[in-house]
Colleague: 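I have a structure here, written as structure tokens, and I will follow up with some questions on it.
This is a predicted model, so every value here is computed, not measured. In what follows, chains are A, B, ... by sequence order, proteins preceding strands, each numbered from 1.
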There are 2 protein chains.
Amino acid sequence: MTFSVAATATAATAAAMATIVPPPAPTATRTHESRAAEPVTGRCAGCSARSKGLCGALTTGDLPDLSAASRPLDLLSATPVVMEGEEATAVFTVMSGMLKLYKTLPDGRQQITGFATAGDVIGLAVGTGYAYTAETVTASTVCRMSRTALHRLMERHPAVQGRLLAMTSVELSAAQDQILLLGCKTAMERVSSFLLALSRRSRPLADGTPSVFLPMPKVDIGAYLGLRPETLSRVLRKLEEAGAITRLSNDRIRIENPAALEATA
Amino acid sequence: MTFSVAATATAATAAAMATIVPPPAPTATRTHESRAAEPVTGRCAGCSARSKGLCGALTTGDLPDLSAASRPLDLLSATPVVMEGEEATAVFTVMSGMLKLYKTLPDGRQQITGFATAGDVIGLAVGTGYAYTAETVTASTVCRMSRTALHRLMERHPAVQGRLLAMTSVELSAAQDQILLLGCKTAMERVSSFLLALSRRSRPLADGTPSVFLPMPKVDIGAYLGLRPETLSRVLRKLEEAGAITRLSNDRIRIENPAALEATA
DNA sequence: CGGACGATTGACCTGGTTCAAAAGCGGTGG
DNA sequence: CCACCGCTTTTGAACCAGGTCAATCGTCCG
């Protein structure tokens, strides 16, 4: 899923399946496993996002279907992947890197609705056009699957549709949390919520202190939180003065006092 | 779906199905139709929301399943239906009336994430607890279905899961539009967007002029748009002075100049 | 070393909030 | 039928959180 400041990350997709998705029907075992040596099978089998996103809904025996339907792409940073309003012909699974998803107003104002990382699926569309623009913020690898291939995959493997429902539900919940953040919270509360959410989904430093990695420019964080970069900068300074965080570098922050952040969030 | 200022309403669910949902598998025709005279069948058959929400995914022959699984409830206004955080044991389809869905911060601030009207399904949960509180704003009728019954229904009728995915996708898109509204737009733009969205989904007056019905108090509209009721009142006055709208009564507004609203939204 | 771009800081401004009061507007009961 | 009461809506005036504008500072790269 694309992350939100309040999403509880890792186990969320599984949890969603447990609650609104029917128990997975026993997937018919196919005979493709004997062809496991095929390069096309091997590609998905060795994929780092294998267990995530849509692909996690499939068993090893289904990998040939998956490999045949999808194609990996390596992208530099600042590369658009889908454009808001364009005809939605494919979906993309993020294998590595980070993308930003945003909507644009006619006068150019932009609102980032989420950031996508490994395992997230982007480009699912309601209607014919993409609902948002997706663009890499770091060099990334994504896996392209045409819309028709996705439909065929869902027909052959009902679990894929269930997974898609689970993922969409998690996204919806995250979007509602973001609505709460944007509608109610102060700048300080927004930044604290954001840092806490990131720290939950990222690994602590060697010494065990929680930390967050912010590969995107500050202006993008601002566009996500509904704040100007100047405001973001001022709030981060206040948090640092209060001893809640330390700026290790421009793109890494150490959380010194999670409780203090929790209190202001 | 619960509505958002930018959702294109009526045909949206069907459109979503066309794009991310596989073509409906030919539903096995059952023999229950011969028992159509049963009272339990008749209840759903005569339901005004019959063709909407989850129920629209089922054919007439499946109505006994539906009737057996669900139970209608008449509710007064200001009645809570589901509470944020409580264990999610059931879902509810709105048959008539209007509900507000909101999230609450520890200090009491509330953000309304949407209003639900006939056909909308509320209470779909990610995890074990409801993600929001739902409360009637007018006297309403809702139809209760336990979560286990919903799971059984999805197992027996795959089209129900497809419909659920389509509805969730439409909700997600609406939520992202609301994020754009709350993150970027001015008070004037928010109110204009809101009125336009409502006018698209409501019937014009007898003389053909578009109008909107606002059964909820102004404070709720404000909580939805991220504004105080005072600000809302001032913006409405400005729109009226500009000749874009006319206040017919406290809960009804006539849109005099949709183009003017479009321009400010 | 120089130039470009992102991040930061300061000073000022403003849209929207807050606080307070008045005005509508149903309902209720005499 | 009207007087009263409680609540929502509206209006006014002062305030402030965050935005805007402009200058400075890093830092990364060629």
Side-chain angles (χ1 to χ4, degrees), chain A residues 76-78 100 105 107-112 137-139 181-195 212-241 245-253 264-265, chain B residues 76-78 100 105 107-112 137-139 181-195 212-241 245-253 264-265:
Chain A
L76 297 176
S77 63
K100 62 177 174 181
L105 250 24
D107 68 357
R109 281 172 288 174
Q110 295 187 339
Q111 175 66 36
I112 293 182
V137 301
T138 65
L181 179 142
L182 293 171
C184 289
K185 296 189 183 179
T186 65
M188 180 69 81
E189 290 165 344
R190 293 180 198 196
V191 175
S192 298
S193 302
F194 177 69
L195 292 176
V212 300
F213 175 48
L214 303 165
M216 67 295 268
K218 296 276 180 291
V219 65
D220 284 349
I221 300 176
Y224 177 62
L225 297 177
L227 301 172
R228 304 289 131 178
E230 295 95 327
T231 304
L232 183 60
S233 176
R234 286 183 245 270
V235 170
L236 288 175
R237 177 156 55 91
K238 269 196 186 154
L239 285 174
E240 191 159 27
E241 285 168 2
I245 63 171
T246 304
R247 256 93 72 79
L248 301 177
S249 68
N250 188 39
D251 60 4
R252 182 161 290 282
I253 289 178
T264 66
Chain B
L76 297 176
S77 64
K100 63 177 174 182
L105 250 24
D107 67 357
R109 281 174 287 176
Q110 295 187 339
Q111 175 66 36
I112 293 183
V137 302
T138 66
L181 179 142
L182 293 171
C184 289
K185 296 190 184 180
T186 65
M188 179 68 79
E189 292 166 343
R190 293 180 198 196
V191 175
S192 298
S193 302
F194 177 69
L195 292 176
V212 299
F213 176 48
L214 303 165
M216 67 293 269
K218 297 276 179 289
V219 65
D220 283 350
I221 301 177
Y224 178 61
L225 298 177
L227 301 172
R228 306 286 128 179
E230 294 96 326
T231 304
L232 183 61
S233 176
R234 287 184 244 270
V235 169
L236 288 175
R237 176 155 57 91
K238 270 195 186 155
L239 285 174
E240 190 159 28
E241 285 167 2
I245 63 172
T246 305
R247 256 91 72 80
L248 302 176
S249 68
N250 188 38
D251 60 6
R252 183 161 288 281
I253 289 178
T264 65

Colleague: Sugar-phosphate means primed atoms, P, OP1 and OP2; the rest is base. With that split, encode nucleotides 17-27 of chain D 5' to 3' as B, S or - using protein heavy atoms under 4.0 Å.
Modeller: -SSBB------
Colleague: By side chain to side chain contact (heavy atoms under 4.5 Å, CB included), which residues pair with B:D251, not counting sequence neighbours?
Modeller: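 Applying side chain to side chain contact (heavy atoms under 4.5 Å, CB included) to B:D251 gives B:F213, B:S249.
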Colleague: Name all residues meeting the side chain to side chain contact (heavy atoms under 4.5 Å, CB included) criterion together with B:T246; count only those two or more places apart in sequence or in a different chain, and write none if there are none.
Modeller: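 B:T246: side chain to side chain contact (heavy atoms under 4.5 Å, CB included) contacts with B:E240, B:L248, B:R254, B:E256.
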Colleague: Take atom NZ of B:K238 and atom C1' of D:dT9, then tell me their distance rounded to the nearest Å.
Modeller: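 After rounding, the gap between these two atoms is 18 Å.
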Colleague: Calculate the interatomic distance between B:R237 atom CZ and D:dT8 atom C1'; express it in whole Å.
Modeller: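 Going from CZ in B:R237 over to C1' in D:dT8 covers 17 Å.
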Colleague: Check for a donor-acceptor pair, side chain of B:K185 on one end and backbone N or O of B:V191 on the other, with a separation under 3.5 Å.
Modeller: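 Not confirmed, B:K185 side chain does not pair with B:V191 backbone.
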Colleague: Expressed as a whole number of angstroms, how long is the span from B:D251:CG to D:dC7:C1'?
Modeller: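 Those two atoms, CG and C1', are 15 Å apart.
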Colleague: In whole angstrom, give the distance that lies between atom NZ of A:K218 and atom P of C:dC5.
Modeller: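 About 18 Å, once rounded to whole Å.
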Colleague: Side-chain donor-acceptor pairs under 3.5 Å in residues 226-234 of chain B, sequence neighbours left out?
Modeller:
none

Colleague: Rounded to 10°, tell me the angle between the two end axes of the helix from C:dC1-D:dG30 to C:dG30-D:dC1, each built from five pairs.
Modeller: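 It works out to 30° between the end axes.
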Colleague: Under the rule for side chain to side chain donor-acceptor pair (under 3.5 Å), what residues qualify as partners of B:Q110, not counting sequence neighbours?
Modeller: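 B:Q110 satisfies side chain to side chain donor-acceptor pair (under 3.5 Å) with no residue once adjacent residues are dropped.
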Colleague: With heavy-atom distances below 4.5 Å as the criterion, would you say the side chains of B:M216 and B:K100 are in contact?
Modeller: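 Side-chain contact under 4.5 Å: no.
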Colleague: Could you go through nucleotides 21-25 of chain C and list every protein N or O atom that sits under 3.5 Å from one of its N or O atoms, giving the distance for each pair?
Modeller:
none

Colleague: For C:dT8 and A:R247 - does any side-chain N or O of the residue sit under 4.0 Å from the phosphate oxygens OP1/OP2?
Modeller: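 Checking A:R247 against C:dT8: at least one side-chain N or O falls below 4.0 Å of OP1 or OP2.
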Colleague: Looking only at heavy atoms, what is the nearest atom pair of B:I112 and B:Y224, with distance?
Modeller: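 The pair with the smallest heavy-atom distance is O-CD1, 3.4 Å.
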Colleague: Give the intermediate values and the outcome of side chain to side chain contact (heavy atoms under 4.5 Å, CB included) for residues A:N250 and A:K218.
Modeller: CA-CA 9 Å; A:N250 188 39; A:K218 296 276 180 291; 3.6 Å; yes
Colleague: Over how many whole Å does the gap from B:L182 atom CG to C:dG16 atom P extend?
Modeller: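 Nearest whole value for this atom pair: 13 Å.
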Colleague: What pairs with A:T186 under side chain to side chain donor-acceptor pair (under 3.5 Å), at least two apart in sequence or on another chain?
Modeller: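 With sequence neighbours excluded, A:T186 shows a side chain to side chain donor-acceptor pair (under 3.5 Å) to A:E189, given in chain and number order.
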Colleague: Taking CD from A:E240 and C1' from C:dT8, how many angstroms apart are they, rounded to a whole number?
Modeller: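 Distance check: A:E240 CD to C:dT8 C1' gives 12 Å.
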Colleague: CG of B:L182 to CZ of B:R190: how many Å apart, nearest 0.5 Å?
Modeller: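 Reported to 0.5 Å precision, the distance equals 5.5 Å.
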Colleague: Which pair of heavy atoms, one from B:L195 and one from B:V212, lies closest together, and at what distance?
Modeller: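 Shortest heavy-atom contact: O-CG1, 3.7 Å.
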Colleague: Measure from CD1 on A:I221 to P on C:dG6 and round the result to the nearest Å.
Modeller: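 In whole Å, C:dG6 P lies 14 Å from A:I221 CD1.
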